[in-house]
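Here is the structure we will look at.
In what follows, chains carry the letters A, B, and so on, assigned in the order in which the sequence lines appear, proteins first and then strands, with residues in each chain numbered from 1.
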Number of protein chains: 2
Amino acid sequence: MARGASSREKILEAASDLAFRQGAAHLSLDAVAACAGVSKGGLLYNFPNKAALMKALVEKYLEDFRTRLEEATEGEDSNLPVRYLDLAVAKLERETPSSSGLLAALAEDPSLLAPVKEFNRTLLDRMKAGGGDVGAILVLFLVLEGMRAQNLFGTAILEPEERRLVLERVAEMIGAA
Amino acid sequence: MARGASSREKILEAASDLAFRQGAAHLSLDAVAACAGVSKGGLLYNFPNKAALMKALVEKYLEDFRTRLEEATEGEDSNLPVRYLDLAVAKLERETPSSSGLLAALAEDPSLLAPVKEFNRTLLDRMKAGGGDVGAILVLFLVLEGMRAQNLFGTAILEPEERRLVLERVAEMIGAA
DNA sequence: ATTACTGTACCGTCTGGACGGTAAAGTCAA
DNA sequence: TTGACTTTACCGTCCAGACGGTACAGTAAT
C-alpha cells in the first residue's frame, strides 16, 4: 500500500522531469519507467496507458494548486487575488519541473488541458466576485500566466530586479500592502 | 522556383496545423507530407530532417513578427510598446495556428526556442530604452505573453469584454491614447 | 540540362501495449 | 496458528506497428 503510493509519485515526477529535459515529444514509457526506478510492467500497472499517465500529470498539478490555494484562503475568498499572487510566485520560485508535466500532456493530446481551462475560469470568476478592480485582476492573472509560460517554454528572460518590479506593480494594482 | 517557395510554405503551414490539432507529440513527417499535399520525398527535399523542419517553423514565426514590427515602427523606436501591443493583439485576433509551430518545436527539442528567447529579450530592451515607465512595459510584455500562451495551450478563457478591458488598461499604463 | 520535385521501396529502431508470471501482504476458516 | 486462498504491486518479455531516414528511378516545367 505504502509502496503503491510512492511508486505513483515517483513515476509522475520522473515523467515531468523527463518531459522538460528531453522534449515532450520524446517522452516514452520506457524512459519514464527507467527514470522512476520501476519496470515498464509496473508503470503500466499504475497507469493503464500513456494517456492515463498524462491525465494524472494534469490532475496532480491542479490538485496541488487547488489544495494550496484552499489552505491559503481557509474557505474565505477575501483577498483571493493577493493569495493567488503569493502562491503563484512561490510556485514559480522553486524551479518548476512539476508544471512541465502539463507540456507533456499538451503534446500528447491538447484536449487533456481542458481541466486546466476550467480551473482557471473558476478561479478568475472567484477573484472577480471579490469585488476588487476587475481590470487589475485580469492584469494580475495574465502576468502570472505569462511568467508561467516563459518558465515552461524555457524562454524566461526577466532579470530578478525586473521580476520584482513587475510583481510589485501588480501587487499595488490589486491593492495589496 | 515559384513551386519551391510555395511547397515550403504549405509544408510549414501543414506542420503547424497538425501540431495544434493532434498534439505535437504525434506530429510525423508522413502526416505532414500528406496534409501539405506533398510526397514524403518532397518534404525531405525541402527539409533534410525533422529538426530542420522544426527550426524553420520557429524561424518563420520570428521572421513574421520581426518584419511586421519593423514595418510598424519604420526604423523609429518611439512608441515601440504601443506598436508592439497593436501588433500582438492583431496577431492574436486572426486565430493563430501559425504559432503552434512553436509548440511542435518545443516538444521536439526545447533548445529550439532559444532564438525566441533572444528575440524577446532584445525586444524588451528596446522597449525599455524608449524611456517609458519600465514597470508598465514589463506588465505589457507579460500580459501579452500570457494571452499568447493561453491561445497556444487552448486554455484561453477571457471573454471578449474582459479582453478589451485588460488591453485598455495596459494601453493606458504605457501611455497610449 | 537543370530544378524541383513525385513515388515507391525499404531499413533499423523505437514505442505502446499486451501478457504471463511472481513475491509479498492480507484474509479467513478450521 | 496454521494452511489455503485472494489481492496487490509489481517484473520481464515479446510483438505489431509507427517512425525517421535513405535510396533511387522517374517526370514535368523552365
How close or far is atom [atom2] of [N] from atom [atom1] of [X], stated in whole angstroms?
{"X": "Asn46(B)", "N": "dG21(D)", "atom1": "CG", "atom2": "C1'", "value": "16 Å"}
{"X": "Glu108(B)", "N": "dC19(D)", "atom1": "CD", "atom2": "C1'", "value": "11 Å"}
{"X": "Arg8(A)", "N": "dA9(D)", "atom1": "CZ", "atom2": "C1'", "value": "13 Å"}
{"X": "Gln22(B)", "N": "dA18(D)", "atom1": "CD", "atom2": "P", "value": "13 Å"}
{"X": "Asp30(A)", "N": "dC15(D)", "atom1": "CG", "atom2": "P", "value": "16 Å"}
{"X": "Phe47(B)", "N": "dC5(C)", "atom1": "CZ", "atom2": "P", "value": "10 Å"}
{"X": "Lys10(B)", "N": "dT6(C)", "atom1": "NZ", "atom2": "P", "value": "8 Å"}

If you look at every strand shown and take non-hydrogen atoms under 4.0 Å, does [X] touch a base, only sugar-phosphate, or nothing?
{"X": "Leu29(B)", "answer": "sugar-phosphate"}
{"X": "Leu43(A)", "answer": "nothing"}
{"X": "Leu27(A)", "answer": "sugar-phosphate"}

So, is [X] close to the [N] phosphate, meaning a side-chain N or O under 4.0 Å from OP1 or OP2?
{"X": "Ser7(A)", "N": "dA9(D)", "result": "no"}
{"X": "Tyr45(B)", "N": "dA4(C)", "result": "yes"}
{"X": "Ser39(B)", "N": "dC5(C)", "result": "no"}

Next item on the list: Among dC19(D), dA18(C), dG21(D), find the nucleotide with the atom closest to the side chain of Leu44(A).
Entry: dA18(C)
Checklist line | Donor-acceptor pair between Ser28(A) and Asp30(A) side chains, under 3.5 angstrom | finding: no
Item checked: Ion pair Asp64(B)/Lys60(B), N-O distance below 4.0 Å -> no
Notebook entry, point to check: Do Glu162(A) and Arg121(B) sit within salt-bridge range, that is, some charged N less than 4.0 Å from a carboxylate O?
Noted result: yes
Check: Is any side-chain heavy atom of Ile157(B) closer than 4.5 Å to a side-chain heavy atom of Phe141(A)?
Finding: yes
Margin query: Measuring only between side-chain heavy atoms, which start at C-beta, is Leu106(A) closer than 4.5 Å to Leu112(A)?
Written below: no
Note to self: Would the base of dG17(C) count as contacting Lys40(A) through its side chain, where contact means a donor and an acceptor less than 3.5 Å apart?
What the structure shows: yes
Next item on the list: Report yes or no: is there a donor-acceptor pair, N or O only, under 3.5 Å between the side chain of Lys50(A) and the base of dG17(C)?
Entry: no
